[in-house]
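Proteins come first, then strands; the chains are lettered A, B, ... in the order of their sequence lines, and each starts at number 1.
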Amino acid sequence: MGERGIVPRKVKGFRDIDPVTSRLRRRLIEAATEVYRRYGFEHWDTPVLEYADALGKYLPDTDTADEGVYSFRNPEMEPVLDGRGQEVRDDANNVVMTHHVLAMRYDLTAPLARRYAEELWARDDIRSQQPSSPKPPLFRRYQYGPVFRFEAKLDPGRYREFQQLDFDTVGSTDVAVDAEACCVLSDALEATGLGRGTYEVRVNDRKLHKGLFERVGIADETKARDVLRVIDKYDKIGPSGVAAELQGGRIDPGSGAEVPGLGLPSGAASLVIDYVESCLGVEGRENVLARLESRLADTPSGREGLDEMRRIHALLAGLGYGDDRVVFDPSVARGLAYYTGPVFEAVSKLEVREPSGAVRRFGAICGGGRYDGLVERLLGLRVPATGASIGVDRLAELIARTSAAEAEARGPVLVVVMDPSRMADYQRIAAELRAAGIATEVWYGPQPKMKAQMTYADRKRCPVVVIAGGDEFAKDTVSIKDLLRGKELAGEIADRAEWLRRQPSQVEVARAAMVETVRSILAGGNA
RNA sequence: GCCGCCGUAGCUCAGCCUGGUAGAGCACCUGACUGUGGAUCAGGGUGUCAUCGGUUCAAAUCCGAUCGGCGGUUCCA
């Protein structure tokens with residue numbers, strides 16, 4: 001053995017997708033996008049690469065080293081543009097060129113903003129910073145595809161490349177759109193196979209949080225964000241943990257890690273905890289609203305948030321979306337620097353058991369909300385938008401783990417090669433089956449031994465094998481073996497010789513009847 | 001990123017404390033079987049003991065660093 005060459009290895013955080021997962025993924029995307037389409041969203045795609053500054057405007061936490069985008073310098077030189085889109089020139093009046101930084105998209109919303117802003121940019125009134133029309137055009141689209149995030153820590157079910165399935169409405173401030181987004185999520189999840197009652201769409205409004213801070217007297221945004229972060233951990237660390245982190249800090253008993261406190265006065269801390277606990281275990285959107293009413297109605301932002309929630313509730317109720325599908329949960333705190341109004345997420349209530357026996361909770365499988373600052377940072381123009389995204393990979397994993405049917409994926413039909421000199425005949429058999437819409441593969445492996453071919457078919461979960469040797473060709477027949485039926489009957493095998501003589505899962509039929517016979521086996525009937 | 005635990009065959013793991021160059025179950029491979037996967041029987045160990053370095057006559061075993069996994073913490077547009 002000499003040099004081994006380059007060691008083949010996959011990039012960490014990225015995945016190879018096997019045929020079963022791939023098929024499931026595509027099925028989910030088809031089912032969900034069909035729902036999106038029914039609501040009037042149209043399909044737009046955008047490139048995987050964007051100029052980093054177009055994305056970067058939405059990187060609220062670029063200072064944290066943990067996360068980031070994959071980026072690199074464009075190999076091609078392009079002109080540098082100023083804020084009005086004019087080429088920058090040097091003293092000699094030459095156009096200044098540079099290798100711009102390109103980045104892989106980390107979600108589908110930032111590219112949407114770019115796409116939308118680019119449309120507006122073409123309008124003279126917008127470019128001159130003096131919009132003649134204060135009303136941005138309405139735009140509804142869905143999009144799916146891979147997004148890329150550099151994450152320092154890779155939890156199970158968390159990757160650096162993953163699929164998102166987005167739908168967004170740009171150009172409307174009406175919370176009716178937010179209510180509709182909840183319906184879309186619910187419909188889409190059910191279309192992919194989640195049973196009613198196994199999931200819930202949780203809704204909150206960032207304005208409620210804002211109201212809480214007004215009440216408690218927290219004006220600083222960073223501080224507010226810190227408080228929300230602590231609230232979000234309530235189910236993990238409990239009321240005493242939350243109280244400690246809001247005030248003096250605590251030491252995590254699990255890891256011994258020191259968690260610094262936020263230094264809130266104890267009165268403020270108990271107001272915050274009261275807010276979180278006020279709705280714990282409260283069933284029904286009406287009841288949640290009533291609890292919040294008594295706590296936040298006297299703050300300007302809280303009042304606003306409550307009005308929005310109330311309207312969303314009325315719209316949902318009018319459409320028949322009850323508490324079995326959409327709930328109000330004031331602890332939901334997504335995308336702190338990003339969302340401006342209603343926020344939603346969808347979670348599965350099913351438990352998944354790891355091979356190790358541990359129960360694993362799936363995180364949110366969908367997330368979304370209103371982000372009225374979308375285009376503002378690109379064009380200085382405030383454009384309302386709301387939308388949500390399904391995490392396709394998480395949903396796929398959830399369904400794969402909780403649905404037995406999905407695990408039983410089938411391979412193609414295999415045409416066994418008994419006599420390599422009759423390859424043309426085998427390929428003709430395969431062509432006939434394919435013409436009937438049946439996925440079919442001819443054995444091209446090295447040894448023509450039948451046992452090896454059967455083992456191959458078994459591994460590949462082939463449902464049917466077509467066998468034709470000298471006997472069959474002489475009689476113009478084929479032997480058709482039902483591997484799934486054979487598997488069922490395999491338990492009865494006591495004497496192999498006897499078993500082979502009877503071949504209970506195999507039939508010999510006239511060549512003309514082959515397609516029909518295979519079709520009926522695939523349809524579930526036994527030949 | 002920080003703290004803790006872990007890293008031996010394809011998988012689940014034993015061996016490590018008390019150094020003497022590896023073992024179990026399952027899986028896998030071969031054959032009984034010249035035209036039949038799953039039964040049965042008979043064979044087969046398929047491994048740079050994560051990597052690199054240190055201590056030692058001798059390291060899977062002791063020490064250090066690195067990489068990888070898991071849990072927590074941070075974070076999640």
Side-chain angles (χ1 to χ4, degrees), chain A residues 9 12 55-69 105-113 147 149-156 158 162 164 166 225-226 229-230 232-233 236-237 241 245 250-260 333-339 345 354-356 358 360 363-364 367-369 371 373-374 377 389 391 414 416-419 448-462 465-472 479-506:
Chain A
R9 59 208 169 120
K12 188 168 65 158
L55 298 180
K57 303 244 177 188
Y58 297 98
L59 295 173
D61 301 314
T62 36
D63 49 323
T64 61
D66 294 11
E67 300 177 25
V69 297
R105 63 188 182 198
Y106 53 81
D107 71 4
L108 297 177
T109 309
L112 164 67
V147 301
R149 294 181 194 181
F150 176 76
E151 313 251 7
K153 179 158 190 222
L154 295 165
D155 293 323
R158 204 165 162 187
F162 55 97
Q164 286 196 331
D166 245 64
R225 211 176 291 171
D226 289 342
R229 206 172 291 142
V230 175
D232 203 35
K233 286 156 68 174
K236 248 192 231 171
I237 62 180
E245 288 201 23
R250 68 188 185 93
I251 293 180
D252 187 78
S255 62
E258 273 184 53
V259 183
R334 306 191 56 82
L336 305 177
Y338 188 66
Y339 293 116
E345 64 183 24
E354 292 286 347
S356 63
R360 172 166 152 208
Y371 43 97
L374 176 71
R377 300 186 217 179
S389 194
L414 179 72
V416 167
V417 172
M418 305 286 301
D419 177 0
K449 287 187 72 174
M450 194 160 172
K451 194 180 176 96
Q453 303 189 36
M454 292 305 302
T455 305
Y456 176 79
D458 194 38
R459 299 257 162 86
K460 206 165 169 178
R461 302 206 215 213
C462 295
V465 156
V466 176
I467 302 164
D471 298 350
E472 284 87 354
S479 291
I480 295 172
K481 193 177 178 72
D482 180 342
L483 292 193
L484 301 180
R485 176 98 180 111
K487 195 161 218 142
E488 281 170 30
L489 297 175
E492 299 170 12
I493 299 175
D495 176 52
R496 183 182 167 82
E498 166 68 11
W499 175 266
L500 290 181
R501 204 172 329 116
R502 278 180 40 231
Q503 278 297 353
S505 61
Q506 187 170 327

Would you indicate whether the side-chain heavy atoms of Leu414(A) and Lys460(A) approach each other to under 4.5 Å?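 They are not in contact (no side-chain heavy atoms under 4.5 Å apart), so the answer is no.
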Under a 4.5 Å cut-off applied to non-hydrogen side-chain atoms, are Asp166(A) and Thr109(A) in contact? yes
What integer number of Å spans the [atom1] atoms of [N] and [M]?
N       : M       : atom1 : answer
rU18(B) : rG64(B) : C1'   : 22 Å
rG7(B)  : rC17(B) : P     : 14 Å
rA59(B) : rC5(B)  : C1'   : 23 Å
rC28(B) : rG19(B) : C1'   : 33 Å
rC29(B) : rC11(B) : P     : 16 Å
rG23(B) : rG47(B) : P     : 14 Å
rU73(B) : rA58(B) : P     : 46 Å
rG10(B) : rC57(B) : P     : 34 Å

Looking at the side chain of [X], which of [options] is the nearest nucleotide?
X         : options                   : value
Met454(A) : rG35(B), rU36(B), rA77(B) : rU36(B)
Asp107(A) : rG35(B), rA77(B), rG37(B) : rA77(B)
Arg229(A) : rC76(B), rA77(B), rC28(B) : rC76(B)
Arg149(A) : rG37(B), rG35(B), rC76(B) : rC76(B)

Name the nucleic acid region contacted by Asp495(A), choosing base, sugar-phosphate or nothing; use a 4.0 angstrom heavy-atom cut-off, strictly under. nothing
Examine [N]: is either OP1 or OP2 under 4.0 Å from a nitrogen or oxygen in the side chain of [X]? Give yes or no.
X         : N       : value
Arg496(A) : rG37(B) : yes
Lys451(A) : rG37(B) : yes
Arg461(A) : rG37(B) : no

Taking [atom1] from [X] and [atom2] from [N], how many angstroms apart are they, rounded to a whole number?
X         : N       : atom1 : atom2 : value
Asp482(A) : rG38(B) : CG    : P     : 16 Å
Met418(A) : rU36(B) : CE    : P     : 8 Å
Gln506(A) : rG35(B) : CD    : C1'   : 9 Å
Leu483(A) : rU36(B) : CG    : C1'   : 10 Å
Leu500(A) : rG38(B) : CG    : C1'   : 11 Å
Arg459(A) : rA27(B) : CZ    : P     : 11 Å
Tyr106(A) : rC75(B) : OH    : P     : 19 Å
Lys449(A) : rU30(B) : NZ    : P     : 8 Å

Checking the side chain of Arg105(A) only, and the main-chain atoms of Val147(A) only, is there a donor and an acceptor separated by less than 3.5 Å? no
Carefully, step by step, assess Asp458(A) and Lys487(A) under the rule salt bridge (charged side-chain N to carboxylate O under 4.0 Å, His left out). CA-CA 9 Å; Asp458(A) 194 38; Lys487(A) 195 161 218 142; 3.5 Å; yes
Could you give me the CA-CA distance, side-chain angles and deciding distance for Val69(A) and Arg149(A), then say whether side chain to side chain contact (heavy atoms under 4.5 Å, CB included) is met? CA-CA 5 Å; Val69(A) 297; Arg149(A) 294 181 194 181; over 6 Å; no
5' priority, RNA chain B, between Ser505(A) and Thr109(A) [closest heavy atom]: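 Closest to the 5' end, via its nearest nucleotide, is Ser505(A).
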Has the side chain of Glu488(A) got a donor or acceptor atom sitting under 3.5 Å from an opposite partner on the base of rG38(B)?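 Counting by modelled atom types and ignoring angles, no donor-acceptor contact under 3.5 Å is found here.
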Donor/acceptor link under 3.5 angstrom from Trp499(A) side chain onto base of rG38(B):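 It does, because a donor-acceptor pair links the side chain of Trp499(A) to the base of rG38(B) below 3.5 Å.
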Using purine N1 to pyrimidine N3 plus N6-O4 or O6-N4 for Watson-Crick, or N1-O2 and O6-N3 for G-U wobble, each under 3.5 Å, what pairs with rG68(B)? rC6(B)
Closest contact, heavy atoms only, Gln506(A) versus Ile467(A):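 Scanning both residues completely, I find the closest heavy atoms to be NE2-CD1, 4.1 Å.
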If you compare all heavy atoms of Ser479(A) against all heavy atoms of Glu472(A), which two are closest, and at what distance to 0.1 Å?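 In terms of heavy atoms, the two residues are closest at OG-OE2, 2.7 Å.
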